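This report refers to the structure that appears directly beneath it.
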Number of protein chains: 2
Amino acid sequence: MSLPDQAEGTTRRPSRQRSAVLALLDGLDGFRSAQDLHALLRQRGDSVGLATVYRALQALVDDGQVDVLRGDDGEASYRRCSTGHHHHLVCRSCGRTVEVADPPVERWAARVAAEHGFADVQHQLEVFGICSDCAARG
Amino acid sequence: MSLPDQAEGTTRRPSRQRSAVLALLDGLDGFRSAQDLHALLRQRGDSVGLATVYRALQALVDDGQVDVLRGDDGEASYRRCSTGHHHHLVCRSCGRTVEVADPPVERWAARVAAEHGFADVQHQLEVFGICSDCAARG
DNA sequence: AGCGTTCATGGGAATCATTCTCACATAGGT
DNA sequence: ACCTATGTGAGAATGATTCCCATGAACGCT
């Protein structure tokens with residue numbers, strides 16, 4: 001039972017590694033695990049330590065520039081996202097993701113929580129499916 | 001990226017350990033980690049191996065008798081739940097949980113997925129907050 | 001009840017993602 | 001160039017979960 005912290009405009013010293021991670025994420029269209037990202041960076045020639053990849057991702061998440069998602073196996077996946085509040089429609093097979101918004105659910109969550117006396121409310125909503133490409137591919 | 005499997009009416013041989021896990025869950029009102037449940041069983045005197053607790057929980061989840069939830073730290077938490085489709089309003093502090101239903105979001109998820117060509121759709125929606133008891137307690 | 005087969009258990013090893021440690025490198029300011 | 005605070009990297013440490021395998025309990029049959 002842990003909760004997301006408030007994003008703070010953390011001042012960070014720029015570094016080649018941090019940029020590499022962000023650049024890599026910019027070129028990808030789905031959620032990827034830290035391990036995957038690390039492997040991709042190595043293939044690409046940008047050698048970055050695994051621990052640094054984790055640190056960079058954590059920092060980006062804290063800054064709200066990257067979204068993180070926990071798969072059913074507990075592994076965290078990361079994706080470059082728009083900064084506003086939104087949810088995801090994720091392909092279970094290839095990880096391709098579409099950002100979606102749903103104002104009604106925001107209100108619903110707030111109302112339900114209030115009805116039961118819960119405060120400081122947050123919610124998480126993700127939709128999983130098989131995208132048309134993967135469905136066609138078999 | 002893994003997906004929940006179809007629940008199958010798996011035939012299982014009854015055992016003291018399995019019953020103990022289920023009985024313990026029946027007496028609790030919030031999500032608890034497998035490690036917690038194991039510790040509670042030991043305190044209570046029902047000695048059960050950790051691996052067995054994991055196996056029992058997995059079986060119960062497959063049977064739909066127990067819901068599983070991944071915390072922000074990736075640790076899985078389990079709770080005895082009603083069998084129908086529902087979501088949860090969970091206290092971040094004590095884990096106390098209320099089951100809630102929201103038909104509109106079901107339709108919304110299906111529609112959004114269809115609009116983007118996604119098939120075989122599932123969704124997960126959980127609401128987190130601080131329950132009134134914990135808020136009062138500080 | 002006796003017996004063999006099959007499945008469950010438990011404990012310790014193995015796995016695997018993630019975090020920690022700490023010596024070294026590097027950015028920025030002076 | 002020099003100092004100092006901060007980032008990096010390699011490997012160790014952590015911790016949840018799963019695997020392995022020898023032992024034990026349930027079922028079916030007679």
Side-chain angles (χ1 to χ4, degrees), chain A residues 1-2 4-5 8-24 31-63 65-79 95, chain B residues 1-2 4-5 8-24 31-63 65-79 95:
Chain A
M1 288 316 142
S2 54
D5 294 295
E8 50 182 346
T10 317
T11 306
R12 276 173 210 290
R13 189 145 48 177
S15 82
R16 172 182 67 80
Q17 294 85 344
R18 186 105 30 78
S19 321
V21 170
L22 195 52
L24 175 61
F31 280 88
R32 301 301 179 99
S33 72
Q35 305 276 351
D36 277 354
L37 294 169
H38 178 241
L40 287 170
L41 284 172
R42 296 221 136 175
Q43 284 178 25
R44 181 195 246 212
D46 284 321
S47 178
V48 178
L50 180 56
T52 301
V53 172
Y54 276 101
R55 279 186 291 241
L57 289 170
Q58 192 56 59
L60 291 167
V61 169
D62 288 347
D63 270 7
Q65 302 185 58
V66 163
D67 280 359
V68 60
L69 202 57
R70 292 273 173 184
D72 280 353
D73 54 0
E75 193 181 19
S77 294
Y78 303 84
R79 178 176 187 265
Chain B
M1 286 318 138
S2 55
D5 294 296
E8 49 183 348
T10 317
T11 306
R12 274 173 213 291
R13 202 177 304 193
S15 83
R16 173 182 66 81
Q17 293 84 345
R18 186 104 31 80
S19 320
V21 170
L22 195 51
L24 174 60
F31 280 89
R32 301 301 179 99
S33 73
Q35 305 275 351
D36 278 353
L37 294 169
H38 178 241
L40 288 170
L41 284 172
R42 296 222 137 175
Q43 282 178 25
R44 180 196 248 213
D46 286 321
S47 176
V48 179
L50 179 57
T52 301
V53 172
Y54 275 101
R55 277 186 294 242
L57 290 170
Q58 191 55 60
L60 291 167
V61 169
D62 289 347
D63 270 7
Q65 302 185 61
V66 163
D67 280 357
V68 60
L69 203 56
R70 292 273 174 185
D72 280 353
D73 54 359
E75 192 180 20
S77 295
Y78 303 84
R79 179 176 186 264

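Computed from a prediction, not measured in an experiment: that's the story for all the values here. Reminder, nothing fancy here: chain letters follow the sequence lines and each chain counts from 1.
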Nearest atoms (heavy-atom pairs only) where B:Ala59 meets B:Arg12: CB-NE, 3.4 Å
Just how far is it from atom CG of B:Asp73 to atom OG of B:Ser33, taken to the nearest 0.5 Å? 9.0 Å
Pairwise 5' ranking along DNA chain C for B:Arg42 and B:Arg18, keeping only the more 5' one: B:Arg18
Intermediate values then yes/no, side chain to side chain contact (heavy atoms under 4.5 Å, CB included), B:Tyr78 and B:Val61: CA-CA 9 Å; B:Tyr78 303 84; B:Val61 169; 3.9 Å; yes
Quick one: salt bridge (Lys or Arg N to Asp or Glu O under 4.0 Å) partners of B:Arg79, sequence neighbours excluded? B:Glu99
Can you see which heavy atom on A:Ala20 is nearest to which on A:Leu41, and at what distance? O-CD2, 3.9 Å
For every nucleotide of nucleotides 24-30 of chain D, 5' to 3': is a protein heavy atom under 4.0 Å from its base (B), only from its sugar-phosphate (S), or from neither (-)? -BBS---
Let me know the distance between CG of B:Asp72 and P of D:dG15, rounded to the nearest Å. 19 Å
Separation of C:dT19 atom C1' from A:Leu57 atom CG, nearest Å, is 14 Å
Between the CG atom in B:Leu22 and the CD atom in B:Gln17, the distance rounded to the nearest 0.5 Å is 13.5 Å
Should A:Gln17 be listed as having a side-chain N or O under 4.0 Å from OP1 or OP2 of D:dG9? yes
What one should report as the nearest heavy-atom pair of A:Phe31 and A:Asp67 is CE2-O, 3.5 Å
Bend angle of the helix from C:dA1-D:dT30 to C:dT30-D:dA1, end axes from five pairs each (to 10°): 30°
Of all heavy-atom pairs between A:His38 and A:Val53, which one has the smallest distance, and what is that distance? CD2-CG2, 3.9 Å
Just jot down the side chain to side chain donor-acceptor pair (under 3.5 Å) partners of B:Gln58, sequence neighbours excluded, or say none. B:Asp62
Got a list of protein N/O to nucleotides 2-4 of chain C N/O distances below 3.5 Å?
none

Could you state the interatomic distance from OG (A:Ser77) to CD (A:Glu75), rounded to the nearest 0.5 Å? 6.0 Å
Side chain to side chain donor-acceptor pair (under 3.5 Å): pairs with one or both residues in residues 43-54 of chain B, sequence neighbours excluded: B:Gln35-B:Tyr54, B:Thr52-B:Arg55
D:dT14 P sits how many Å from B:Asp73 CG, rounded? 18 Å
Contacts under 3.5 Å, N or O only, protein and nucleotides 16-21 of chain D:
unit_1 : atom_1 : unit_2  : atom_2 : d
D:dT17 : OP1    : B:Ala76 : N      : 3.0
D:dT17 : OP2    : B:Tyr54 : OH     : 2.5
D:dT17 : O5'    : B:Tyr54 : OH     : 3.4

Could you point out which residue of A:Leu37, A:Leu60, A:Val66 forms a side chain to side chain contact (heavy atoms under 4.5 Å, CB included) with A:Val21? A:Leu60
Give the rounded distance in Å between these two atoms: CG of B:Asp36 and P of D:dG15. 14 Å
Just by modelled atom types, is the B:Asp36 backbone N or O under 3.5 Å from a matching donor or acceptor in the B:Arg32 side chain? no
